[in-house]
K.L.:
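Mind having a look at this structure? Questions to follow.
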Amino acid sequence: MRADVLKIVDEIKQALSLLRRHLDWDTAQRRLDALNARSESGDLWNDPEEAQNVMRERQALEAAISSVHAIETGLSDNLELIELGEAEGDAEVVAEAVAALEALKVTAARMRVETLLSGEADSNDCYLEVHSGAGGTESQDWAQMLFRMYTRWAERRGFKVETIEYSAGEEAGIKGATVLIKGHNAYGWLKTESGVHRLVRISPYDSQARRHTSFSSVWVYPVIDDTIDIDVNESDVRIDTYRASGAGGQHVNTTDSAVRITHIATGIVVQCQNERSQHKNKAQAWDMLRARLYELELQKREEVANAEAASKTDIGWGHQIRSYVLQPYQLVKDLRTQVESTAPSDVLDGALDPFMEASLAQRVGMDTEAES
C-alpha cells in the first residue's frame, strides 16, 4: 500500500484512539444504555427540565458514539476496497477509496477538535454580540456582514438562532445586534471568535471607489444553567428603558419596551428588545447580564483574556483577531493562528470551521497537525 495512504490511515487511527479515550468508551456506552432506559420511563416528563437534560445528553452521547462507529466502519471498508483494487489492478476503485479516506480524515480531525470542547460551559447555548466600530456607514455595513456570517455558520450546523437586540444603522448596516444561538457546543465552538474583525475592500458607498478599512467587534458568552448561581443586586446596576428600533414600519415598537442594563462595577452593558413586553425584555436582559458575568469569571479562571481584552480596547488597529481582505487581493487570515482562506465569499457565507478548529487547538496548547 502506498506511503501516502498509510499516512492517512495512521492519522485516522490516531484520531479514533483519542476520541475513544476522551469518551471513556466503555463508560460512555454504559451511560448511553442508562439514558436510553431513562428516556423510555413513563414518568420522565413529569419534570420537563430533567427530561430536556436527559434527552440532550442522550442525543450528544449517541451522536458521538455513532460517529466513531461510522469512521471505524468507513476505514475498514475502504481499506478492503484498496486491497481489492490493487489486487485486480483497478486504479479507479483505488482512487475512489483513497478519496473516501481523505474525507474520513477530515471528519475525524473535526471530531478530534470537538474533544477540546470540554470546558465548564462549552456545551451550552450562547449569546453573540456584534458591534460596529468607528467609521459610520462603512463599519455598520461590515457589522451586518459579520452578523450574517455567524447566522449562516449557525444555520449550517443546524443551530437555532434568535435575535435578541438589533440596532439598525442610519443609512445601512447595523450599529449592533445580539443573537441567542441554541445548539450543543454552541459556546464551545464560538468562544474563540470574540475580538475585533477587520475588513479591507473597495467601498460600495464611496463614489470614487476608494479602498476602505473597517472594524467591528464580536463578543461571545455562554447561556448559564440554572445550576450555576450568579447573584446580582439591583443596587449594582442601572436599568434604562428605551424605544426599540428596527428596520422600520410596523416592526418598530411605539412604546419604551426595550431594556438596557448596565453593571456599574464592570461596565458590562446588555440590552434586549425582541419582545414587545418590557417585563419579558427585562427578564431576558437579566439572564444576559448573569451570563456575561459568569463568562468573565470563566475567562479569569482559564487565564484567557481574549474576549475581555476585546471589550476593553478600541475597535480598531492593533486589536484585530482576523482580517478579511476583498481588495486588492482575496484573503481571510486569522492573526492568532495564521490560518488563511483565499475564498472570502465562502468564509462570509459561514465557512468558519477551519478558523475555529485552529483557535480551539491553540487555546489548549495543542498543535493542529500532530497529537501530543
K.L.:
Under 3.5 Å, is there a donor-acceptor pair between the side chain of T27 and the main chain of L23?
P.N.:
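Such a contact is absent between T27 side chain and L23 backbone.
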K.L.:
If you count heavy atoms of other groups shown closer than 6.0 angstrom to CD of E340, is the number above 12?
P.N.:
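Correct, the count exceeds 12.
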K.L.:
Less than 4.5 Å apart, side chain to side chain, heavy atoms only: is that true for R20 and L16?
P.N.:
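In short, these two side chains do not touch, never coming nearer than 4.5 Å.
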K.L.:
Please list all pairs meeting ring pair (Phe, Tyr, Trp, His ring centres under 6.0 Å) that have one or both residues in residues 82-111, counting only residues at least two apart or in different chains.
P.N.:
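Every pair satisfying ring pair (Phe, Tyr, Trp, His ring centres under 6.0 Å) with a residue in residues 82-111: there are none.
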K.L.:
State whether Y127 and R292 meet the cation-pi test: NZ (Lys) or CZ (Arg) under 6.0 Å from the six-membered ring centroid, and within 45° of the perpendicular axis.
P.N.:
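The answer is no; the distance or angle limit is not met.
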K.L.:
So if you build clusters from Ile, Leu, Val, Met, Phe, Trp, Tyr with side-chain heavy-atom gaps below 4.5 Å, do Y329 and L199 land together?
P.N.:
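Y329 does not cluster with L199.
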K.L.:
Would you check if the side chain of W142 reaches a backbone N or O of G133 as a donor-acceptor pair within less than 3.5 Å?
P.N.:
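Not confirmed, W142 side chain does not pair with G133 backbone.
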K.L.:
Any non-hydrogen side-chain atom of V223 less than 4.5 Å from a side-chain atom of Y187?
P.N.:
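No, every pair of side-chain atoms sits at 4.5 Å or beyond.
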K.L.:
Could you list the residues that satisfy side chain to side chain donor-acceptor pair (under 3.5 Å) with S235, not counting sequence neighbours?
P.N.:
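Expected list: none.
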K.L.:
If the condition is side chain to side chain donor-acceptor pair (under 3.5 Å), which residues does K182 pass it with, not counting sequence neighbours?
P.N.:
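So K182 forms a side chain to side chain donor-acceptor pair (under 3.5 Å) with E162.
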K.L.:
The criterion is side-chain contact (heavy atoms from CB on, under 4.5 Å); which residues satisfy it with S345, sequence neighbours excluded?
P.N.:
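Partners of S345 by the side-chain contact (heavy atoms from CB on, under 4.5 Å) criterion come out as none, since no residue qualifies.
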K.L.:
Could I get the full list of side chain to side chain donor-acceptor pair (under 3.5 Å) partners for H184, not counting sequence neighbours?
P.N.:
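Partners of H184 under the side chain to side chain donor-acceptor pair (under 3.5 Å) test: none.
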K.L.:
For R322, run the side-chain contact (heavy atoms from CB on, under 4.5 Å) check against L335, V332, V196 and tell me which one passes.
P.N.:
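Of L335, V332, V196, side-chain contact (heavy atoms from CB on, under 4.5 Å) with R322 is met by V332 alone.
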K.L.:
Residues two or more places apart in sequence or in another chain: which of them pass side-chain contact (heavy atoms from CB on, under 4.5 Å) with Q144?
P.N.:
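Once residues adjacent in sequence are excluded, the partners of Q144 under the side-chain contact (heavy atoms from CB on, under 4.5 Å) criterion are D141, Y166, I174.
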K.L.:
Show me, pair by pair, the donor-acceptor contacts under 3.5 angstrom made by side chains of residues 79-100, not counting sequence neighbours?
P.N.:
from, atom 1, to, atom 2, distance (Å)
D90, OD1, E92, N, 3.2
D90, OD1, V93, N, 3.2

K.L.:
Sequence neighbours left out, what passes side-chain contact (heavy atoms from CB on, under 4.5 Å) with D43? Give chain and number order.
P.N.:
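D43 satisfies side-chain contact (heavy atoms from CB on, under 4.5 Å) with R38, S41, N46 once adjacent residues are dropped.
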K.L.:
Check side-chain contact (heavy atoms from CB on, under 4.5 Å) between I65 and all other residues, then give those that pass, not counting sequence neighbours.
P.N.:
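side-chain contact (heavy atoms from CB on, under 4.5 Å) check on I65 returns W25, A28, Q29, L32, L61, H69.
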K.L.:
Sequence neighbours left out, what passes side chain to side chain donor-acceptor pair (under 3.5 Å) with D10? Give chain and number order.
P.N.:
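Only Q14 meet the side chain to side chain donor-acceptor pair (under 3.5 Å) criterion with D10.
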K.L.:
Return yes when atom CD of E171 has more than 12 non-hydrogen atoms of other residues, nucleotides or ligands closer than 6.0 Å, and no otherwise.
P.N.:
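Not buried by this count: 12 neighbours or fewer within 6.0 Å.
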K.L.:
Applying ring pair (Phe, Tyr, Trp, His ring centres under 6.0 Å) as the test, list every pair that has at least one member in residues 267-291; sequence neighbours left out.
P.N.:
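Listed by first then second residue: nothing to list.
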K.L.:
Check the surroundings of atom CZ in R156: do more than 12 heavy atoms from other residues, nucleotides or ligands lie under 6.0 Å from it?
P.N.:
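Atom CZ in R156 is crowded, with more than 12 foreign heavy atoms closer than 6.0 Å.
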K.L.:
May I ask you to test the S216-S139 pair for a side-chain heavy-atom distance under 4.5 Å?
P.N.:
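The answer is yes, as the side chains (C-beta and beyond) meet within the 4.5 Å cut-off.
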K.L.:
Given 3.5 Å as the limit, does a donor-acceptor pair link the side chain of S76 with the main chain of E72, or not?
P.N.:
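Such a contact is absent between S76 side chain and E72 backbone.
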K.L.:
Could you go through residues 145-153 and list every donor-acceptor pair under 3.5 Å that involves a side-chain atom there, pairing it with any protein atom two or more places apart or in another chain?
P.N.:
from, atom 1, to, atom 2, distance (Å)
R148, NH1, L348, O, 3.3
R148, NH1, D349, OD1, 3.2
R148, NH2, D349, OD1, 3.0
Y150, OH, E193, OE1, 2.6
T151, OG1, F147, O, 2.8
R152, NE, D349, OD1, 3.1
R152, NH2, D349, OD2, 3.4
W153, NE1, D353, OD1, 2.8

